[in-house]
Amino acid sequence: MAVDLKLGINLGFANNKYPEPHVWTRIVAEELGLKYVQFVADILNVFLPDEIIERQVEEILENTQKYGLNITSTFLSSFTRVNHFMHPDPEQRKVWLAWFKKFADISARMGAKMTGGHPGILTFNDYDDPARREEITLEGIKHWQELSWHCRELGMDCMIFEPMSIPREYANTVEETKELLARLNDGAGLPFRLCLDPGHAPHPDDRDPYRWIRELGSVSPIVHIQQTEAGHSRHWPFTKAYNEIGIIHAEKVIEALEQSGAKEAELVFEIYHREAWSSEFSIVQDHKESVEYWRRYVKG
């Protein structure tokens, strides 16, 4: 059965490069021809003073309306890839819970119907102790569930988390992802779903990106798309050169989504450019070429 697909973009590409609302909105709408956006916390971190947050939210709303953009979800990003709900210090976990609630508040104001990030990151000390690992995991799950009830009050549809690349970051195999999903949903205020990135496929025994999609696509309203090579998560663009050596192919992604039973999905570009002469000046052009490639298969 055909899947209702849309193309969107994760704003991680704009981190420290195009943070101004009037700039990234114009790039996304006019240069890339996209209208669906996954906003990231690195563009507007709610640790900032309230008056700055309020001014920025107003600018974002003004410019997304101007360019006809739809912020469908919000997420963590590179600079917020921290321990948060799995931090060993309970006081810091409480601070992050308040942070997430505040981020959810501005997410709802911007129109997002789902929010989330990576589940959390265990320290080596906690991970290496099975009892302590389970204790921290349980505390993290309780925080995620409390956040889900808050997001329900805000009118959101679901929560999302991303299966990550190593055991300390959780969900690095299909089976572990299913287990964590079930635990989160047992007592949640909103359904927990996935922001799936098949380019991760991190575990040495679980590196087929299309198996991840077939097994988990039906519970993944957001799918990050990046070009990569086996055993890595390169976050390359879908340019001709990278498509020749990469393992992510649009036809196979769509076929796997159809096999998963998914009815709809937002395919969200998550492409990174390191601060280097070789890539610094090709960010927008690489995204343009990536959109052109995927537009052969996805019209929405």
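Everything numeric here is computed off the predicted structure, so don't read it as measured data.
In this structure, the side chains of D50 and K102 come closer than 4.5 Å at one or more pairs of heavy atoms. In this structure, the side chains of F161 and H118 stay at 4.5 Å or more apart for every pair of heavy atoms. In this structure, the side chains of R93 and H84 stay at 4.5 Å or more apart for every pair of heavy atoms. Between I222 and L196, every side-chain heavy-atom pair lies at or beyond the 4.5 Å cut-off. E275 is listed as a side-chain neighbour of N16, based on a closest heavy-atom distance under 4.5 Å. At a threshold of 4.5 Å between non-hydrogen side-chain atoms, the residues M159 and C151 count as touching. Annotation: side chain of V268 is not in contact with side chain of I225 (no heavy-atom distance under 4.5 Å).
Under the 6.0 Å cut-off for aromatic ring centres, W96 and F47 qualify, their centroids lying closer than that. The aromatic ring centres of H287 and F13 sit less than 6.0 Å apart. Ring centroids of W144 and F100 are separated by less than 6.0 Å, placing the two rings close together.
Screening V37, N70, V28, I71 for a side-chain contact (heavy atoms from CB on, under 4.5 Å) with T64, the sole residue that qualifies is I71.
Checking side-chain atoms of S220 against main-chain N and O of V223 turns up no donor-acceptor pair under 3.5 Å.
Residues satisfying the salt bridge (Lys or Arg N to Asp or Glu O under 4.0 Å) criterion with E146, sequence neighbours excluded, are K101. Under the rule for a ring pair (Phe, Tyr, Trp, His ring centres under 6.0 Å), F192 has no partner lying at least two apart in sequence or in another chain. In terms of the side-chain hydrogen bond (donor to acceptor under 3.5 Å, both in side chains) criterion, residue partners of T137 (sequence neighbours excluded) are, by chain and number, Y170. Listed by chain and number, the residues in a side chain to side chain contact (heavy atoms under 4.5 Å, CB included) with K66 are N63 (sequence neighbours excluded).
Closest approach of Y293 and I248 over heavy atoms only: OH-O, 4.4 Å.
Connection of M164 to Y272 is not established within any shared hydrophobic cluster, with ILVMFWY side chains joined at heavy-atom distances below 4.5 Å, either directly or through further cluster members.
Looking only at atom types and distance, the side chain of W99 has a donor-acceptor partner in the side chain of N45 under 3.5 Å away.
Under a 4.5 Å side-chain heavy-atom criterion applied to ILVMFWY residues, the cluster that includes Y242 comprises W236, I245 as well.
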Tell me which donor-acceptor pairs under 3.5 Å the side chains of residues 106-114 have, and how far apart each pair is, sequence neighbours excluded?
unit_1: S107; atom_1: OG; unit_2: T74; atom_2: OG1; d: 2.7
unit_1: S107; atom_1: OG; unit_2: F103; atom_2: O; d: 2.6
unit_1: R109; atom_1: NH1; unit_2: E54; atom_2: OE1; d: 2.8
unit_1: R109; atom_1: NH2; unit_2: E54; atom_2: OE2; d: 3.3
unit_1: R109; atom_1: NH2; unit_2: E58; atom_2: OE2; d: 3.0
unit_1: K113; atom_1: NZ; unit_2: G155; atom_2: O; d: 3.3

